[in-house]
Amino acid sequence: MAEVILVDSKEAAGELVADHIAGLVTANPEAVLGVATGSTPLPVYEALGARADAGLDFSRVSAYALDEYVGLPVEHPESYRSVITKEFQERVGANPALVHVPDGSLDGIETAGERYEALLASSGGVDLQLLGLGTTGHIGFNEPGSSFGSLTRVKTLTEQTRLDNARFFDSLDEVPIHCVTQGLGTILRARHLVLLAFGEGKAEALAASVEGAVSSSMPGSAIQLHPHVTVLVDEAAASGLKNLDYYRWATAHKPQWQGI
Ligand code: F6R
C-alpha cells in the first residue's frame, strides 16, 4: 500500500520531494533519478533548482525520462528532451551526458525501446522515480490496457491524452499520436516511486489507482504492486479517496524522522 501524504499546495509537495532528493544526492552524488514531464513535477524541479543554487551538486547525478513523443523533432520546445533540458537539467546544473530521454526519432524507432532498456540496465537502476498521473490513469504514457510486465516500447496515445496535452501545442493536430514510454514493468523496477497529483481533474484516476482494483485497465494501480510508493496529493486530487480521513490523520501524525 502506498503512503498517501496530503499537502496544502503543489509547492509544498515540491519542497518535500526536493528535500528528500537532496538527501539522496548528498548521500550518493551519483544517484539515479527518474524524471517525468508535464505540469505535475514542475514544483519539484523549481525546488531542486533552489537547492542547486544553494550549492547542492547535481553534476554526477544521472536522470532518465519516462517517455518521449514519436516523430517530434528534439529541437521542438514540447519534445520531452527539450522539456527535461529546460525544466530539470538546466535548473539543477546536471551533466547533459547523464540526462537520458527515449529516442523518439522515426529513424530507428523499431529499436528505441530496447536501446532505452539497455541504457537503464547499465545505470544500476533508478533510485527514485517521479510520476505524474494522466486523467486516463496512465503513468508514463502507459494507457489503459498496458501490461504490468511491459518494458519501454512505442505506444499509441489515447484521444483523451492528446486532448489533455493539446494545451502545450498550438492545436490538437500537432499533438503526436505515438510515444516511446517506459513500460509499467520498467517503472516498477525503480527503488522508490513518488507519485504526485494535483487538482480535481486527477481525483478519479488517483482514487482508482490508490484504492481501486489492481488492473491493467487502470495503469496507475500498478503502484499497488510496489514495496515503496509515496503519493503526494492536494485536497482536490485526494477528494475521491475512500480512506481520506485516515490519510489526513496519518499525515498530521507523521513522524518527523520518517521522510518520504
Ligand atoms: C510525463 C508522463 C505523464 C504525465 C501525465 C500527467 O512524462 O509520463 O504520465 O505525468 O500525463 O501530466 P500533467 O502533469 O501535465 O498533468
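Start at 1 with the first residue, then count along the sequence. Every number for a ligand or one of its atoms is a count from 1 in the order of the listing.
The ligand atoms of ligand 1 that sit less than 4.0 angstrom from a heavy atom of Gly132 are 10 (O). Annotation for ligand 1: atoms under 4.0 Å from non-hydrogen atoms of Ser39 are 13 (P), 14 (O), 15 (O). Close approach of ligand 1 to Thr40 is summarised as follows: ligand atoms under 4.0 Å from at least one heavy atom of the residue are 13 (P), 14 (O), 16 (O). Numbered from 1 in the order shown, with element, the atoms of ligand 1 that lie under 4.0 Å from a heavy atom of Leu66 read 8 (O). Here is the list of ligand 1 atoms found below 4.0 Å of a heavy atom in Gly38: 14 (O), 15 (O).
Between the side chain of Arg248 and the backbone N or O of Leu244 there is no donor-acceptor pair closer than 3.5 Å.
The heavy atom nearest to atom 3 (C) of ligand 1, considering only Gly137, Gly220, Gly140, Ala65, is found in Gly140.
Here the protein heavy atom with the shortest distance to atom 1 (C) of ligand 1 is Thr37 OG1, 3.1 Å. Nearest to atom 5 (C) of ligand 1 among the protein's heavy atoms is His138 NE2, 3.3 Å. For atom 8 (O) of ligand 1, the closest heavy atom belonging to the protein is Asp67 OD2, 2.5 Å. Atom 16 (O) of ligand 1 has as its closest protein heavy atom Lys202 NZ, 2.7 Å. Scanning the protein for heavy atoms near atom 6 (C) of ligand 1, the closest one is Leu133 O, 3.5 Å.
For Lys155, the NZ atom counts as densely surrounded, since its 6.0 Å shell holds more than 12 non-hydrogen atoms of other residues, nucleotides or ligands. No more than 12 heavy atoms of other residues, nucleotides or ligands sit less than 6.0 Å from atom CD of Glu200. Counting heavy-atom neighbours within 6.0 Å of Glu204 CD, excluding the residue itself, gives a total of 12 or less.
Distances from ligand 1 to the non-hydrogen atoms of Arg167 include at least one value under 4.0 Å.
Taking the six-membered ring for Trp and the full ring otherwise, Phe168 and Tyr69 have centroids separated by 6.0 Å or more.
Under a hydrophobic-cluster definition in which Ile, Leu, Val, Met, Phe, Trp and Tyr are linked whenever side-chain heavy atoms come within less than 4.5 Å, directly or via other members, Val231 and Leu16 are assigned to different clusters. Phe148 and Leu66 fall within a single hydrophobic cluster, where Ile, Leu, Val, Met, Phe, Trp and Tyr are joined by side-chain heavy atoms under 4.5 Å apart, directly or via other members.
Atom CD in Glu159 sits 10.5 Å away from atom CD in Glu143 (nearest 0.5 Å).
Residue contacts with ligand 1: Asn165 is placed with no nitrogen or oxygen under 3.5 Å of a nitrogen or oxygen of the ligand (distance criterion only).
Remark: Arg51 engages Glu15 in a salt bridge, criterion side-chain N to carboxylate O under 4.0 Å.
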